[in-house]
Asks: 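Please read through the structure below; I'll follow up with questions.
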Amino acid sequence: MSDIINLPKADIDILRRLAERKVKLANDPVNEERREAWYLHDAGSSGRPMVLAEYGGVQDKIRPFTDAGCQCTDPWARSIEVWQFMAEAYQFESLKDDHVIEPYLTTGWHVGGTDYGVQAVQHHGDNDGRMGSRRWDPPIVDFDRDFQKLRPRTWSVNRESSLANYERLKAIFGDILTVRFRSSYWWTMGMTWAAIDLIGLESLMLWMYDNPAALHRVMAFLRDDHLAHASWMEKEGLLTINNENDYMGSGSMGYTRDLPKTGRAKSDPVRLEDLWVLLESQETVGVGPDLFEEFIFPYQLSIAEKSGKVYYGCCEPVHNRWHVLKRLPHLARVSISPWADEEFMAKALGTDIIYSRKPNPTLISTDKFDEVAIRADIRKTLTTAKGCRIELIMKDVHTLNEQPGRLARWVELARETISEVYGN
């Protein structure tokens, strides 16, 4: 057993104390209320709006959450201490949004894959190591000459290292909490991000006129590759369910009782049809709905047909292509970005599909933290979409103007405004 753990005793003691604290926090009635609220939210019952806030993208020198209080000395132990325990405690005790603490730890299969046989040459602006500009030289320039260079991705799994990590976690924590294989191996299956990496944004748009057959071949190639990836994962038994405290879509949580699909035995491998899947096409924000319908939608439709539940969208406004998107099967949540027509989408979604609102992060990022403006923004959403199933997700926050407490204050303001509008 000591060979499996192979950590300083002091680190083990720290981790076990943190695991015990996690179990105690998980048993707090607040988590039970939030968990049930998520299930009601997904099921269509008239519950309260849900509130989430993300802090991982903040680039300030003073961050909302840091590893400053970390005590473990071993790098592996430190990563568990920070990202399995400290981050969760920060969300629960300081941020106080609707993230839920569950009494288990997660680990994933160690999966690797190839590229498409070609690579884009990346060029990054000098921004002192922080977020900045990027451009790239796409590898597919002349379609007739370059398309033959593309190769479907291939995948492999290191079961030995995956299971060794799982057994190590069980050896340390198994008598305190459950250890589960539970992770995702892609964020989006929308495919247009991959397409512009291969052919460039300009070609993605111009080929719709200049070489439509070429663009269809690129999108068909990516559709087949994405489905082949999911099929390989399923056959290898590597897909893991995402129906609970799982990051899902472009910022939401996976709690649902609709997945996995009925008819699947617990011992059967997880299938794509048992999972939430994100589809989006932020890169085609400048493309009209007719061209989107012709060149992008058919390939996303193929993914949606094989999925369990679909979350659609991220930063792109979807109101001008809603007449196309509403034909997606299994559509359960739609991202309402800062640039969306809120009133139109509220009427379109009604109570059938969750209204996943992304307030503009500028409101909490500029020099002045204007609480009146923030309340007005939240109130506008709540009144415009009242009657819808609303979730408010503050994401894509890259600066809080060196005032990390703003994020938790936004959560407070959201809860206060919900109480004013809903009367509870």
Side-chain angles (χ1 to χ4, degrees), residues 42 111 113-116 150-155 183-199 204 208 215-236 238-243 246-252 254 256 258-261 264 269-285 287 289 291-316 318 321-335 337 349 352-354 356:
D42 181 74
V111 174
T114 66
D115 57 26
Y116 289 111
L150 287 180
R151 298 290 181 270
R153 295 174 297 174
T154 58
W155 303 90
S183 59
S184 176
Y185 299 93
W186 57 76
W187 174 60
T188 176
M189 295 189 84
M191 295 173 286
T192 50
W193 185 350
I196 67 165
D197 274 350
L198 293 176
I199 68 175
L204 179 75
M208 293 180 181
L215 184 54
H216 277 298
R217 285 188 66 185
V218 170
M219 293 305 298
F221 170 85
L222 291 171
R223 173 203 60 204
D224 294 345
D225 175 79
H226 280 62
L227 288 174
H229 180 196
S231 178
W232 178 84
M233 295 283 291
E234 179 183 328
K235 290 176 181 176
E236 293 291 324
L238 304 177
L239 292 178
T240 58
I241 203 72
N242 60 353
N243 62 353
D246 305 281
Y247 187 94
M248 181 277 299
S250 57
S252 192
T256 181
D258 296 336
L259 301 174
K261 294 293 186 179
R264 173 186 169 271
V270 176
R271 306 155 299 183
L272 187 61
E273 65 188 85
D274 298 316
L275 300 179
W276 279 102
V277 167
L278 168 66
L279 296 173
E280 45 72 48
S281 187
Q282 301 167 86
E283 297 76 20
T284 61
V285 65
V287 172
L291 292 174
F292 171 82
E293 182 176 16
E294 179 180 352
F295 290 99
I296 309 301
F297 180 74
Y299 306 99
Q300 294 187 336
L301 177 63
S302 297
I303 303 287
E305 288 172 340
K306 297 180 181 296
S307 303
K309 299 187 78 167
V310 174
Y311 182 114
Y312 196 93
C314 190
C315 290
E316 74 273 34
V318 297
R321 55 182 62 165
W322 176 247
H323 62 287
V324 180
L325 294 174
K326 68 181 182 180
R327 305 198 319 251
L328 287 171
H330 317 304
L331 186 58
R333 302 187 189 186
V334 172
S335 178
S337 79
L349 300 185
D352 295 331
I353 298 173
I354 287 174
S356 188

Asks: Please work out which of the three classes, parallel, tilted or perpendicular, describes the rings of Phe292 and Tyr312, given edges at 30° and 60°.
Replies: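 Because their plane-to-plane angle is over 60°, the rings of Tyr312 and Phe292 count as perpendicular.
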
Asks: Using modelled atom types only, decide if a donor and an acceptor are shared between the side chain of Trp276 and the backbone of Met248 within a distance under 3.5 Å.
Replies: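 Such a contact is absent between Trp276 side chain and Met248 backbone.
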
Asks: State, to 0.1 Å, how close Asp42 and Ile354 come at their nearest heavy-atom pair, and which atoms those are.
Replies: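 Taking Asp42 first and Ile354 second, the nearest heavy atoms are CA-CD1, 4.0 Å.
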
Asks: With a 3.5 Å distance limit and no angle check, can you tell me whether Asp274 reaches the backbone of Leu259 through a side-chain donor-acceptor pair?
Replies: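 A pair under 3.5 Å: no.
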
Asks: Which residues pass the side chain to side chain contact (heavy atoms under 4.5 Å, CB included) test with Asp246, sequence neighbours left out?
Replies: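 Applying side chain to side chain contact (heavy atoms under 4.5 Å, CB included) to Asp246 gives Arg182, Asn242, Glu244.
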
Asks: Taking only residues two or more places apart in sequence, or in another chain, which ones meet Arg321 in a salt bridge (charged side-chain N to carboxylate O under 4.0 Å, His left out)?
Replies: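 In terms of salt bridge (charged side-chain N to carboxylate O under 4.0 Å, His left out), with neighbours along the sequence ignored, Arg321 is linked to no residue.
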
Asks: Can you tell me if Trp187 uses its side chain to pair, donor with acceptor, with the backbone of Gly249 under 3.5 Å?
Replies: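 Confirmed, Trp187 side chain pairs with Gly249 backbone.
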
Asks: Taking all non-hydrogen atoms of both residues, which atom of Gly308 and which atom of His330 are closest, and how far apart?
Replies: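 Taking Gly308 first and His330 second, the nearest heavy atoms are O-CB, 3.3 Å.
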
Asks: Counting C-beta onward and ignoring hydrogens, is there a side-chain heavy-atom pair between Val218 and Tyr299 closer than 4.5 Å?
Replies: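 They are not in contact (no side-chain heavy atoms under 4.5 Å apart), so the answer is no.
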
Asks: Can you confirm whether Leu291 sits close enough to Thr284 that some side-chain heavy atom of one is under 4.5 Å from a side-chain heavy atom of the other?
Replies: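 They are not in contact (no side-chain heavy atoms under 4.5 Å apart), so the answer is no.
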
Asks: If you measure from CE on Met189 to CG on Leu275, what distance do you get to the nearest 0.5 Å?
Replies: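 The distance works out to 9.5 Å.
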
Asks: Applying side chain to side chain contact (heavy atoms under 4.5 Å, CB included) to Ile199 and Leu204, what does each step give before you reach the verdict?
Replies: CA-CA 7 Å; Ile199 68 175; Leu204 179 75; 4.2 Å; yes

Asks: Any non-hydrogen side-chain atom of Leu239 less than 4.5 Å from a side-chain atom of Pro269?
Replies: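 Leu239 vs Pro269: side chains apart.
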
Asks: How close do Leu278 and Ser250 get, counting heavy atoms only, and between which atoms?
Replies: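 Here Leu278 and Ser250 meet closest at CD1-N, 4.1 Å.
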
Asks: Could you please spell out the steps behind the side chain to side chain contact (heavy atoms under 4.5 Å, CB included) verdict for Val287 and Phe295?
Replies: CA-CA 10 Å; Val287 172; Phe295 290 99; over 6 Å; no

Asks: Would you say Leu238 and Trp155 make side-chain contact, with heavy atoms under 4.5 Å?
Replies: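 No, their side chains stay 4.5 Å or more apart.
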
Asks: Fit a plane to each ring of His229 and Trp186, take the angle between them on a 0 to 90° scale, and name the class: parallel (under 30°), tilted (30 to 60°) or perpendicular (over 60°).
Replies: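 It falls in the perpendicular class, over 60°.
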
Asks: Please report the C-alpha distance between Leu279 and Leu331 in whole Å, then the side-chain angles of each, then the deciding distance to 0.1 Å, and finally whether the side chain to side chain contact (heavy atoms under 4.5 Å, CB included) criterion is met.
Replies: CA-CA 10 Å; Leu279 296 173; Leu331 186 58; over 6 Å; no

Asks: If a pair satisfies salt bridge (charged side-chain N to carboxylate O under 4.0 Å, His left out) and one of its residues is in residues 292-306, list it, with sequence neighbours excluded.
Replies: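 Sorted result for residues 292-306: Glu293-Arg327.
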
Asks: Got a donor-acceptor contact below 3.5 angstrom from the Thr154 side chain to the Thr114 backbone?
Replies: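 Answer holds: no.
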
Asks: Among side-chain atoms of Ser252 and Arg333, is any donor-acceptor pair under 3.5 angstrom?
Replies: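 A pair is found: one side chain offers a donor N or O, the other an acceptor, under 3.5 Å apart.
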
Asks: I need the Tyr185 OH to Trp232 CH2 distance, nearest 0.5 Å.
Replies: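 Here the interatomic distance stands at 9.0 Å.
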
Asks: Does the side chain of Thr192 reach to within under 4.5 Å of the side chain of Gln282, using non-hydrogen atoms?
Replies: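 Counting from C-beta outward, Thr192 and Gln282 never come under 4.5 Å.
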
Asks: Quick check: does any side chain N or O of Ser307 sit under 3.5 Å from a backbone N or O of Ile303, one acting as donor and the other as acceptor?
Replies: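 Looks like yes, one N/O pair under 3.5 Å.
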
Asks: Does Glu280 offer a backbone N or O that forms a donor-acceptor pair with the side chain of Gln300 under 3.5 Å?
Replies: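 Answer holds: yes.
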
Asks: Please enumerate all residues that pass side chain to side chain donor-acceptor pair (under 3.5 Å) together with Asp115, with sequence neighbours excluded.
Replies: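 Side chain to side chain donor-acceptor pair (under 3.5 Å) check on Asp115 returns Gln119.
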
Asks: Where is the tightest heavy-atom contact between Asn243 and Pro260, given as atom of each residue plus distance?
Replies: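 Minimum heavy-atom separation between Asn243 and Pro260: ND2-CD, 3.7 Å.
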
Asks: Pair Met191, Ile296 - check side chain to side chain contact (heavy atoms under 4.5 Å, CB included), show working.
Replies: CA-CA 9 Å; Met191 295 173 286; Ile296 309 301; over 6 Å; no

Asks: Would you mind listing every salt bridge (charged side-chain N to carboxylate O under 4.0 Å, His left out) that reaches into residues 223-233, with sequence neighbours excluded?
Replies: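 Non-adjacent pairs meeting salt bridge (charged side-chain N to carboxylate O under 4.0 Å, His left out): Arg153-Asp225.
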
Asks: If you round to the nearest 0.5 Å, how far is CD of Glu283 from CG of Asp197?
Replies: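 Rounded to the nearest 0.5 Å, the CG-CD separation comes out at 8.5 Å.
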
Asks: Which residues pass the salt bridge (charged side-chain N to carboxylate O under 4.0 Å, His left out) test with Glu234, not counting sequence neighbours?
Replies: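 Checked Glu234 against salt bridge (charged side-chain N to carboxylate O under 4.0 Å, His left out); zero matches.
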
Asks: Closest heavy-atom contact between Ser356 and Tyr311?
Replies: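 Ser356 and Tyr311 have their closest heavy atoms at OG-OH, 2.7 Å.
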
Asks: Quick one: closest heavy-atom pair of Ala194 and Leu222, and the distance?
Replies: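 That closest heavy-atom pairing would be CB-CD2, 4.0 Å.
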
Asks: Any chance you could measure Arg271, atom CZ, to Ser231, atom OG, to the nearest 0.5 Å?
Replies: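 With rounding to 0.5 Å, CZ (Arg271) is 13.0 Å from OG (Ser231).
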
